[in-house]
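One structure below.
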2 protein chains.
Amino acid sequence: MYSALYNHINRFIDLSTGEQEILAPMLKSFSVKKKAFLLTEGQTCRANYFVAKGCLRLYFIDIKGAEQTTQFAIENWWITDLTSFLFQTPSEFYIQAAEATEVIAIEHHLYDEMFHKLPKLERYFRLILQKNHQASQRRIKFLYSQTAEERFRHFNSLFPEFVQRVPQYMLASYLGFTPEFLSKIRAKK
Amino acid sequence: MYSALYNHINRFIDLSTGEQEILAPMLKSFSVKKKAFLLTEGQTCRANYFVAKGCLRLYFIDIKGAEQTTQFAIENWWITDLTSFLFQTPSEFYIQAAEATEVIAIEHHLYDEMFHKLPKLERYFRLILQKNHQASQRRIKFLYSQTAEERFRHFNSLFPEFVQRVPQYMLASYLGFTPEFLSKIRAKK
DNA sequence: TCCATTTCTTAAACTACATTAAGTTTTTTG
DNA sequence: CAAAAAACTTAATGTAGTTTAAGAAATGGA
């Protein structure tokens, strides 16, 4: 049921079978159809989501009405609107399945309890959040140091399979330009 | 000596006097003169830095030779090049004092030991990293949703004192445009 | 398998911001 | 307190990327 998550946790800390059994009742596992939403603007984000299989994306709608993708989560990544999740306030974001996705969720009303019952998980989440922070530092540098074309070519060389996996308009907004411009870049060579 | 840090930690968890005494020998406290460096490109980042007083900034030099500020840390914020710090690899960043600054540092060779001796701090750092992650999500949205002028006006309305505190060229690169353009915006009104 | 929807492409006109360069003001330091 | 260095301003010129709009291709559902 939750083996994808247990395997991931065990990459960072040792979680015994007994501890897994304590954790299990606090989790929920379910499928999300392609294009279905786990969160929409105005709603309060109910859970922190772990992707067991598939792909979720976090985006918002800008003043001009365009979707701006700010994050993707593939296998073994957590995704949520952290502010909305932690403080149970209305979100300005959408979380949508970019593909048919298998999700494991920890809901807000059990989040603190989880750390209380399994303090070991403080370490797991600290390490995950450190990875997130590394990724953010890399991403900001990347956004500030290259032109749109360089960003695309660089991203494409690092994650060629992923570029094939999602529609170009999602990728374009994630990389900070328009789908038309991405089309232009590709046509070049 | 380390009271600024102890106070900060106690906002998130309860750290007893005894525990403070365990922590103390793993910390270092020192002053950094304005414009002095805690890290330069090519060096390995030795520590994670907590600002007790003053202001540090993290920046890199882009292809055109311009400084790009990617992060500021004022009182009660931690700052480091996390990848370089965790894996002890050469950094592409500089950490410099934007003002005369009082720093409390935890060095790499004591970082794991700190969590081993004081597992409570796993929680403190998880909570800090959550705040960081919230800040990153906010920042990315901010960068993607507004024009340069809007970003400046918005930032200025949120943090007017901070805008006065640092040179405009640092702020301009942090907000993602040139000092000349910032000058132009200001002249407008 | 066909129609509807979604996604991608092309190209011309436009604009927000960068670049360059020179001059001015402010801050730092001996 | 004078000189040097650092920070800021102004303005002309240039360009990377956007906008708009229309058509082509791919995908998905009944």
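Chain identifiers are assigned alphabetically (A, B, ...) following the order of the sequence lines, protein sequences preceding nucleic acid strands; residue numbering begins at 1 within each chain.
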Along DNA chain D (nearest heavy atom to each residue), the more 5'-positioned of Tyr169(B) and Phe177(A):
Tyr169(B)
From the list dA7(D), dG17(D), dC8(C), which nucleotide is the closest neighbour of the side chain of Pro167(A)?
dC8(C)
Length of the line joining Lys33(B):NZ and dT28(C):P, which is rounded to integer Å:
14 Å
In whole angstrom, what separates Leu182(A)'s CG from dC8(C)'s C1'?
9 Å
Whole-Å distance between dT26(C) C1' and Arg186(B) CZ?
14 Å
Hey, which of these two, Arg151(B) or Val166(A), hits DNA chain C nearer its 5' end, going by closest nucleotide?
Val166(A)
For the pair made of CD in Gln164(A) and C1' in dT7(C), what is the distance, rounded to whole Å?
14 Å
N or O in side chain of Gln168(B) less than 4.0 angstrom from dA6(D) OP1/OP2:
no
Pairing of Glu75(A) and Arg165(A) as salt bridge, 4.0 angstrom limit:
yes
Compute the ring centroids of Phe50(B) and Tyr2(B), then answer whether they are less than 6.0 Å apart.
no
Closest-nucleotide mapping onto DNA chain C: is Lys35(B) or Glu149(B) further toward the 5' terminus? I mean the 5' end.
Glu149(B)
Report the distance from atom CG of Asp62(B) to atom C1' of dA18(C), rounded to the nearest whole Å.
12 Å
Hey, is Lys117(A) close enough to Glu113(A) for a salt bridge, meaning N to O under 4.0 Å?
yes
Quick one: label Ser183(A) by what it contacts on the DNA or RNA (base, sugar-phosphate, nothing), any heavy atom closer than 4.0 Å.
base
Heavy-atom distance under 4.5 Å between the side chains of Ile106(A) and Trp78(A), does that happen here?
yes
Of the nucleotides dT20(C), dA21(D), dT18(D), which has the atom closest to the Glu180(A) side chain?
dA21(D)
At less than 4.0 Å, is any side-chain N or O atom of Thr147(B) found next to OP1 or OP2 of dA16(C)? Yes or no.
no
Output yes when at least one side-chain N/O atom of Lys34(A) is less than 4.0 Å from OP1 or OP2 of dG28(D), else no.
yes
Value in whole Å for how far the P atom of dC17(C) lies from NZ of Lys188(B):
9 Å
Could you please spell out the steps behind the ring pair (Phe, Tyr, Trp, His ring centres under 6.0 Å) verdict for Phe72(B) and Tyr174(B)?
CA-CA 9 Å; Phe72(B) 288 107; Tyr174(B) 179 74; 5.1 Å; yes
Nearest-neighbour nucleotide for the Phe181(A) side chain, dT20(C), dT18(D), dC8(D) considered:
dT18(D)
Lys184(B) vs dC8(D): side-chain N/O to OP1/OP2 distance below 4.0 Å:
no
